[in-house]
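Please read the structure below before turning to the comments.
These numbers come from the heavy atoms of this one structure, side chains and all, not from hydrogens, waters or symmetry mates.
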Amino acid sequence: MELRSHLVLLWWLWTNIAVAENGLNGWLRYASVGCNQHCYRALPSRVVALNSTQGSPLGTATEELQTGVHAITGKRLTITEDDECSRPSTILIGTVEDYRQICRNSSTIPALDIDGFWLRTQGNAVQILGQSERGALYGAFEYLSMLAQGNFSSVDYSTSPHAPVRWVNQWDNMDGSIERGYAGSSIFFANGGIVSDLTRAKEYARLLASIRINGIIVNNVNANATLLTAENMDGLARIANVFRPYGIRIGISLNFASPKALGGLDTYDPLNPSVIAWWGNITDSLYERIPDMAGYLVKASSEGQPGPETYNRSLADGANVFAHALKPHGGVMMFRAFVYNQLNESVWTDDRANAQVNFFKHLDGEFEDNVIVQIKYGPIDFQVREPVSPLFANLYHTNTAIELQVTQEYLGQQCHLLYLPPLWKSILDFDLRVDHSPSVVRDIISGERFDRPLGGWAAVVNVGTNNTWLGSHLSMSNLYAYGRLAWSPTADSVEILQDWIRLTFGRDQHVLDTITDMSMTSWPAYENYTGNLGVQTLTDILYTHYGPNPASQDNNGWGQWTRADHYTIGMDRTVMNGTGNAGQYPAEIAAVYEDIEKTPDDLLLWFHHVPYTHRLDSGKSVIQHFYDAHYAGAEAVQKFVPQWESLRGLLDTERYEAMRTRLVYQAGHSIVWRDSINNFYWNLSGIPDENARVGHHPWRVEAESMHLEGYRPYAVSPFETASNYTSIVTSTNTTIGTASTTLKFPSGTYNVGVNYFDMYGGQSKWSLYLNDKIVGRWEGNSEDILGHTPSIYLDGHSAIRITFPGIKVHRGDRLKIVGVPDGVEPAPLDYVVFLPAGVVD
């Protein structure tokens, strides 16, 4: 008995210990669930695959089942090819057609769309039937997901996809860099060609197949024509060979000017016979190498990219030249609706939000039936909150797909926790009331609302060579959730999240509750401290799209305007007085957005230009809401760090520490955001915060107020991104700087924070002393440990905080910071803050 107890204890320790992990397996860890003897006996012993061939999705499914069941439960399955349909203790997997032919079973099989599957578990017998081999593979992953979450219950259900197109778009460049990539270099390209080792591509294919993605565009929409050389087309065929066993078809982005840039023609006019022939030959060459190629994605006539308008041709002309070439091969032409021109802000009626409808509405019905217009979810560009793009309501005779962005380009670039499905659901669940009839966005993109044959989903997913794939372990929840929603957009955001948590971090209830709370808090918090009331995300749109810079929104041709002045703020998009954008929506929705009294507050500044003193439904003024919301948002994410720290020992050390670093960073950077936006609008409006917080920081010591040796004051730009608008930098890039002061705070224990700037191009070192005793050291190495786009300036992108908790301080102590510059980085400092327990700066 004693020996048995000892063995049980050892087994418990073995199955519960936080094993080191790096995130590479994502949600397909297949961690052991500690299956006991009863559980073990109740599991199947073999897999019977009907008509399986090596390298097919069904062959992949059998391998995945064998690997997964063993890892999760410890039981090894044998793979049988004797096509015995009724053997006990068996997982039977195959297509519906093969099941009917081989098993001669006349039982009723649920109706399935292409890629759909039927999963039935009864005791130790499991049946997985797909309408296609791809569907059978999805069913295998579904069964393994159940087991990995400790669910051994009997089930009997069928499921089919919401839409036929469920793609991801990579923005990888031929040189191996990734546009808006925050997790290392490309897993596909390097030095102008396709990488020789596609191991990571295979691992990515496995992750995508498990969430039922069926297509991937492997290169940047800002495409390089050299992708179409014979050598690179051969390389694309190698990528296709890697993805094919997982039921994923590859496609490519095209440079519209390729016939001229690569083909030697003197034109790329889409109606020119030589251009048409050239694209036909290129397409035939690709299909000779990749017979199941998914198709093309094209960005044209936008942001400097070439397009049909060069030759006074329509966008439909531009899309159709590719569609004609693809049609004999069954390929799909995805044409991005992201088309706009530079605008003049002084023209009150100019509005980038009108561009999608202006460019595409009059072309409805002119696109070939294998063209899908790919529409960003909002009228501008992946903002923290936008109304639904009105284009969804204006294309009755054209296939459409929604474009989402797993990559958090404007939304924290994977350095800020932001669980995106609640944002996406606000778009997908919106009823546009076209012709006064139910017209939910998810039904429009599936093709159901307007009876279209094609439609679906695309998401920008810029995975890289980093083991975390996206740069942050918690950001992977967005990729997982994208696949789940693309299959079933009515699925619940919390349920999806909790499935992902159990698969990624285990089944501990405290882990589940904690990460759920953090994730569901993240979007409202981020919206609060970056840009609320529909004003957009007040990031720097001219540089990195990362840190705060509200002034960058205006006085340029990009059209992401707030039209803020000393007295008023917001875009007037009404028909009566403004840009007319509200009138692009169906009548019932237009009536809401046209009327300032009916427009919801969270979109007020999107549709209306108002005084800062305008009263919201809450009774607050716009400016006071700004102040309060930014404080509330920053305060909310301060809780993420102790919440995460409560998981110490329940998670493996590597992933725990990696995420803790990011959450500590986010807590500090949210305060940079809060202060920058509040100071900017306080300065612009002259209206003080009713609660006297903005501009008042009693626990701070400004660096420029200290005694400086080797340091000098420096006026930061944008001014609002530094406390008191000023920082200090070393006199030269070889001078060691010292800043010192006598502390006047009451004696006690403080969390000591230092705000500094970590620029790209150097790794300065700092040391913090109290009474000549060192209490902290750090290095400006965020470019090595954080993935966001770096900055070469002192600004909101490079601003950062480090905190040293639990420091005992006495009134009269001497504080000293020593900064050692490196490269172009002059050891910049902003301020030091001494926070008593429970106080948020």
Out of curiosity, [X] [atom1] to [Y] [atom2], how far, rounded to the nearest 0.5 Å?
{"X": "N173", "Y": "L227", "atom1": "CG", "atom2": "CG", "result": "11.0 Å"}
{"X": "Q170", "Y": "T407", "atom1": "CD", "atom2": "OG1", "result": "8.0 Å"}
{"X": "N467", "Y": "N25", "atom1": "CG", "atom2": "CG", "result": "9.5 Å"}
{"X": "L236", "Y": "I250", "atom1": "CG", "atom2": "CD1", "result": "5.0 Å"}
{"X": "I427", "Y": "R385", "atom1": "CD1", "atom2": "CZ", "result": "8.5 Å"}
{"X": "D172", "Y": "N224", "atom1": "CG", "atom2": "CG", "result": "13.0 Å"}

Stepwise side-chain hydrogen bond (donor to acceptor under 3.5 Å, both in side chains) test for T514 and Q643: CA-CA 7 Å; T514 300; Q643 283 183 288; 5.7 Å; no
Salt bridge (Lys or Arg N to Asp or Glu O under 4.0 Å) between R200 and E203, intermediate numbers included: CA-CA 5 Å; R200 285 296 298 271; E203 292 166 341; 3.4 Å; yes
H162/S446 under side chain to side chain contact (heavy atoms under 4.5 Å, CB included): CA gap, chis, key distance, verdict: CA-CA 6 Å; H162 164 261; S446 69; 3.4 Å; yes
Would you say the side-chain atoms of [X] pair up with the backbone N or O of [Y], donor to acceptor, closer than 3.5 Å?
{"X": "Y182", "Y": "L470", "value": "no"}
{"X": "S477", "Y": "L474", "value": "yes"}
{"X": "K376", "Y": "R336", "value": "no"}
{"X": "E409", "Y": "Q405", "value": "no"}

Test log, rule side chain to side chain contact (heavy atoms under 4.5 Å, CB included), inputs I402 and F392: CA-CA 9 Å; I402 193 168; F392 289 115; 3.7 Å; yes
[atom1] of [X]: more than 12 outside heavy atoms within 6.0 angstrom?
{"X": "F152", "atom1": "CZ", "value": "yes"}
{"X": "K639", "atom1": "NZ", "value": "no"}
{"X": "N191", "atom1": "CG", "value": "no"}

Check: H416 ring centroid to H669 ring centroid under 6.0 Å: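 Yes, close enough.
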Within the 6.0 Å centroid threshold, strictly below: Y157 and W118: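 Between W118 and Y157, which both carry aromatic rings, the centre distance is not below 6.0 Å.
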Stepwise side-chain hydrogen bond (donor to acceptor under 3.5 Å, both in side chains) test for Q413 and Q408: CA-CA 5 Å; Q413 298 184 0; Q408 298 167 224; over 6 Å; no
Carboxylate-amine/guanidinium contact [X] [Y], below 4.0 Å:
{"X": "R452", "Y": "E448", "result": "no"}
{"X": "E657", "Y": "R662", "result": "no"}
{"X": "D429", "Y": "R442", "result": "yes"}
{"X": "D499", "Y": "R484", "result": "yes"}

Residue pair T661, Y656: steps toward the side chain to side chain contact (heavy atoms under 4.5 Å, CB included) verdict: CA-CA 9 Å; T661 296; Y656 170 83; over 6 Å; no
Check against salt bridge (Lys or Arg N to Asp or Glu O under 4.0 Å), D115 and R134: CA-CA 6 Å; D115 293 352; R134 185 187 293 119; 2.9 Å; yes
Residue pair L479 / W469, side-chain heavy-atom distance below 4.5 Å: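 Sidechains of W469 and L479: no contact.
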Mind telling me whether [Y] and [X] have parallel, tilted or perpendicular rings, with 30° and 60° as the class edges?
{"X": "W457", "Y": "Y482", "value": "perpendicular"}
{"X": "F382", "Y": "Y377", "value": "tilted"}
{"X": "W487", "Y": "Y138", "value": "perpendicular"}

Audit row: Y410, D381, side-chain hydrogen bond (donor to acceptor under 3.5 Å, both in side chains) steps and yes/no: CA-CA 9 Å; Y410 290 94; D381 194 6; 2.9 Å; yes
With sequence neighbours excluded, residues passing side-chain hydrogen bond (donor to acceptor under 3.5 Å, both in side chains) with N781: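 For N781 there are no side-chain hydrogen bond (donor to acceptor under 3.5 Å, both in side chains) partners, ignoring immediate neighbours.
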CA sep, side-chain torsions, deciding dist, call: H797, T544, side-chain hydrogen bond (donor to acceptor under 3.5 Å, both in side chains): CA-CA 8 Å; H797 321 293; T544 69; 2.7 Å; yes
Derivation and outcome, side chain to side chain contact (heavy atoms under 4.5 Å, CB included), residues V332 and W167: CA-CA 11 Å; V332 171; W167 291 9; 4.0 Å; yes
Pairing residues for F188 by the ring-ring contact (aromatic ring centres under 6.0 Å, His included) criterion, not counting sequence neighbours: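 For F188 there are no ring-ring contact (aromatic ring centres under 6.0 Å, His included) partners, ignoring immediate neighbours.
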